[in-house]
Colleague: 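Structure incoming, see below.
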Protein chains: 2
Amino acid sequence: MGRKPAAPLQQTARAIRGRRAAYVLDDQIGFMLRQAYQRNSVLFGELFADELTPTQWAAIAKLSQVGGCSQNHLGRLIAMDAATVKGVVDRLMKRGLVESAPSATDRRRLLLTLTAAGRKTIEQGVARAFEVSAKTLAPLKANEQAVLLRLLKRIG
Amino acid sequence: MGRKPAAPLQQTARAIRGRRAAYVLDDQIGFMLRQAYQRNSVLFGELFADELTPTQWAAIAKLSQVGGCSQNHLGRLIAMDAATVKGVVDRLMKRGLVESAPSATDRRRLLLTLTAAGRKTIEQGVARAFEVSAKTLAPLKANEQAVLLRLLKRIG
DNA sequence: TATTGTTATACTCTATAACTATA
DNA sequence: TATAGTTATAGAGTATAACAATA
């Protein structure tokens, strides 16, 4: 299979020469990020049989990682707005995966923790979550995967 | 600045040796994609002063690129569900950026096109859209940007 | 004054099912 | 009949702004 010349580089070269580069939507980082994230979400839905959304998984995985924290702090850890994380946590509590208790030291805070069911969900989900990541990256060779992750982390 | 060893590779190596790798949310491709896309969206919102969302921009940019097409076809071009694209197009028509007319050759179809206002929005937005892409990629050097785009396109 | 959490509102994404018009 | 496209509806994530309680 022949490799096509990289469009983004052509664009940059043109810009340097002072000519107007065409705006090609499909070559823009935002458009690519959206498409890649969408494909990842579909894979997640297939492997998790729609028990949990990627966002809900992120919330309980992070909660499992840190042991327990306030609602707003959890939001900061997983890059979610206070209003957003509230909705996510509400749904997780309704399913009995997360519980909250007022903090003893600061009565503004709600201390979030995983329930026994929540911990079980993590235990049973980790292998599948790894598989989602592997399948998302499957089009790339191992060294390319590592490069992508390293670069992606720096623009996040 | 010292470079830290790449965690994903360590994880893979561990998995190969049969030991259980820890699931670190922040090292998963899906989590990174979501964060990067979110940062891109924030930059978009800043530069477009919330006149348009990234999705709406994608719709009119693609429409400008292809000249005109049916609603469902547009959805396929920008990886959007038929129901999703309908909402987006409805909002764009309400703002007078897009108009629709029945196709002459296949009367099932509605041919979508940009209005004069829509074409003006594209003209005035392209420079800013380029800037959004540039700012999103700014943490990376030029050659790293090209590598990221090339790899990302392959997992989208 | 700053922070935590809540509420209200709006847009987007996704999925399903039902429907219309045409091939 | 089969297909392309549209419409209706619902649940979820995202963000902003305004607000009350607490630190």
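Here is how names work: the chains are called A, B, and so on, in the same order as the sequence lines, proteins then strands, and each is numbered from 1.
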Colleague: Over how many whole Å does the gap from B/N40 atom CG to D/dA15 atom P extend?
Modeller: 12 Å
Colleague: Within the structure provided, determine whether B/I78 and A/F31 are in side-chain contact (heavy-atom separation under 4.5 Å).
Modeller: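 Yes, their side chains come closer than 4.5 Å.
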Colleague: Remember a base hit wins even if backbone is also touched, and classify A/T84 as base, sugar-phosphate or nothing at under 4.0 Å, heavy atoms.
Modeller: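 A/T84: base contact, heavy atoms under 4.0 Å.
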Colleague: What contact category does A/S70 fall into here, base, sugar-phosphate, or nothing, at under 4.0 angstrom with non-hydrogen atoms?
Modeller: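 Sugar-phosphate, no base atom in range.
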Colleague: A/K94 or A/A79: which one's nearest nucleotide on DNA chain D is closer to the 5' end?
Modeller: A/K94
Colleague: Does OP1 or OP2 of D/dA4 have a side-chain N or O of B/N72 closer than 4.0 Å?
Modeller: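 It does not, given that no N or O in the side chain of B/N72 lies less than 4.0 Å from OP1 or OP2 of D/dA4.
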Colleague: Would you name the heavy atoms of B/L140 and A/R154 that are closest together and state the gap between them?
Modeller: CD2-CZ, 3.5 Å
Colleague: Of the non-hydrogen atoms in A/L111 and A/G68, which two are nearest, and what is the gap between them?
Modeller: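 Where A/L111 meets A/G68 most closely, the heavy atoms are CD1-C, 4.4 Å.
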Colleague: Taking CG from A/L33 and P from C/dC13, how many angstroms apart are they, rounded to a whole number?
Modeller: 14 Å
Colleague: Any carboxylate oxygen within less than 4.0 angstrom of a Lys/Arg side-chain nitrogen, looking at A/K135 and A/E46?
Modeller: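 So A/K135 does not pair with A/E46 through a salt bridge.
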Colleague: Closer to the 5' end of DNA chain C via nearest nucleotide, is it A/V42 or A/R109?
Modeller: A/R109
Colleague: For B/A79, does its backbone N or O pair with a side-chain atom of A/Q35 as donor and acceptor, under 3.5 Å?
Modeller: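 Answer holds: no.
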Colleague: What are the two closest heavy atoms between B/V88 and B/M80, and how far apart are they?
Modeller: CG2-SD, 4.1 Å
Colleague: Atom CG of A/L92 to atom P of D/dG11: distance rounded to whole Å?
Modeller: 17 Å
Colleague: Among C/dC13, C/dG5, D/dA15, which nucleotide has an atom closest to any side-chain atom of A/A83?
Modeller: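 Looking only at heavy atoms from C-beta outward on A/A83, the closest nucleotide is D/dA15.
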Colleague: Measure the distance from CG on A/D81 to C1' on C/dA8 and round it to the nearest whole Å.
Modeller: 14 Å
Colleague: Could you tell me if the side chain of B/F44 sits less than 4.5 Å from the side chain of B/R128, heavy atoms only?
Modeller: no
Colleague: Could you tell me the separation between the CG atom of B/D90 and the P atom of C/dC11, rounded to a whole number of Å?
Modeller: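 Atom-to-atom, B/D90 to C/dC11, this comes out as 12 Å.
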Colleague: Nearest whole angstrom, please: distance from the C1' of D/dA15 to the OH of B/Y37.
Modeller: 13 Å
Colleague: Whole angstroms only, please: what is the NE2-C1' distance between B/H73 and D/dT3?
Modeller: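 It is 17 Å, rounded to the nearest whole Å.
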Colleague: Please tabulate, one pair per line, each protein N/O and nucleotide N/O from nucleotides 21-23 of chain D that are separated by under 3.5 Å, including the distance.
Modeller:
unit_1: D/dT22; atom_1: O2; unit_2: A/R108; atom_2: NH1; d: 3.4
unit_1: D/dA23; atom_1: OP1; unit_2: A/R107; atom_2: N; d: 3.1

Colleague: Side-chain N or O of A/Q71 less than 4.0 angstrom from OP1 or OP2 on C/dT6?
Modeller: yes
Colleague: Both A/P54 and B/R76 contact DNA chain D. Which one's nearest nucleotide lies toward the 5' end?
Modeller: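 Closer to the 5' end of DNA chain D: B/R76.
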Colleague: Pick base, sugar-phosphate or nothing for A/R95, based on heavy-atom distances below 4.0 Å to the nucleic acid.
Modeller: sugar-phosphate
Colleague: Over how many whole Å does the gap from B/M80 atom CE to C/dC11 atom P extend?
Modeller: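 Value for this atom pair: 15 Å.
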Colleague: By nearest atom, which of the nucleotides C/dT4, C/dT6, D/dT7 is closest to the B/K86 side chain?
Modeller: D/dT7
Colleague: Between A/W57 and A/F48, what is the ring plane arrangement, given parallel below 30°, perpendicular above 60°, and tilted in between?
Modeller: tilted
Colleague: Start at the 5' end of DNA chain C and walk down; is the nucleotide closest to A/L110 or to A/Q38 reached first?
Modeller: A/L110
Colleague: Side chain of A/T55, heavy atoms from C-beta onward: which of D/dA12, D/dT16, D/dT14 has the nearest atom to it?
Modeller: D/dT14
